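Have a look at the structure below before the remarks.
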Amino acid sequence: MSNWSKSKSGHRNSSRSSGNQDLTAAACLKIVDLGLWSMIFIGPHLFGGRHMLGRFVILSLCIATAMAWFTRQFFISDPKWNRTWSLSIV
């Protein structure tokens with residue numbers, strides 16, 4: 001009778017709420033993709049940060065993209081950080 005199921009981590013969650021979490025994670029991923037695309041293709045059209053409007057747009061896009069990525073990491077069931085050779089550069 002209950003909608004509760006046990007996940008891999010041992011926590012109980014509702015199947016109804018996990019569906020909402022999947023939708024939220026998918027929406028956040030689209031926002032991240034849109035933010036990255038916008039920084040590459042729209043940011044340079046506003047003088048690429050040389051003027052105050054360009055700086056504001058690039059900063060706003062960076063913040064929105066980062067917040068969407070962190071929100072997605074919060075809502076997905078198995079968040080991962082893939083370590084690659086490029087991590088040593090950062």
Side-chain angles (χ1 to χ4, degrees):
M1 174 108 184
S2 175
N3 286 350
W4 294 89
S5 62
K6 205 166 191 179
S7 66
K8 292 179 186 176
S9 62
H11 294 94
R12 291 180 167 243
N13 56 1
S14 173
S15 61
R16 207 175 322 164
S17 68
S18 67
N20 290 338
Q21 290 176 353
D22 293 339
L23 289 174
T24 304
C28 287
L29 184 59
K30 288 183 181 186
I31 293 170
V32 168
D33 291 340
L34 180 66
L36 292 173
W37 182 87
S38 297
M39 280 186 261
I40 293 170
F41 294 108
I42 293 177
H45 289 290
L46 298 170
F47 300 109
R50 292 187 190 132
H51 297 286
M52 293 307 287
L53 177 64
R55 290 179 185 172
F56 175 73
V57 168
I58 290 175
L59 178 66
S60 299
L61 289 171
C62 287
I63 290 172
T65 303
M67 288 178 62
W69 185 80
F70 283 121
T71 303
R72 180 181 182 272
Q73 290 296 101
F74 179 76
F75 280 112
I76 60 176
S77 60
D78 189 22
K80 292 182 181 178
W81 181 272
N82 295 327
R83 295 174 187 250
T84 62
W85 63 271
S86 61
L87 188 62
S88 62
I89 296 172
V90 176

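One is the number of the first residue; the rest follow in order along the sequence. The structure presented is a predicted model; accordingly, all values stated were derived computationally and were not measured.
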Heavy-atom pair with the smallest gap, counting every atom of V32 and W69: CG2-N, 3.4 Å
In terms of heavy-atom contacts, I31 and A68 come closest through CG2-CB, 3.5 Å
Once you round to the nearest 0.5 Å, how far does NZ of K30 lie from CH2 of W37? 15.5 Å
Any link between L36 and F70 through a network of hydrophobic side chains (Ile, Leu, Val, Met, Phe, Trp, Tyr) touching at under 4.5 Å? yes
Are I42 and I40 linked, directly or through intermediate hydrophobic residues, by side-chain heavy-atom contacts shorter than 4.5 Å (ILVMFWY only)? yes
Gap separating the OG1 atom of T71 from the CD1 atom of I76, nearest 0.5 angstrom: 11.5 Å
Considering all heavy atoms of both residues, which atom of M39 and which atom of P44 are nearest to each other, and what is their separation? O-CD, 3.6 Å
Approximate separation, where rounding is to 0.5 Å, of T65 OG1 and L34 CG: 7.5 Å
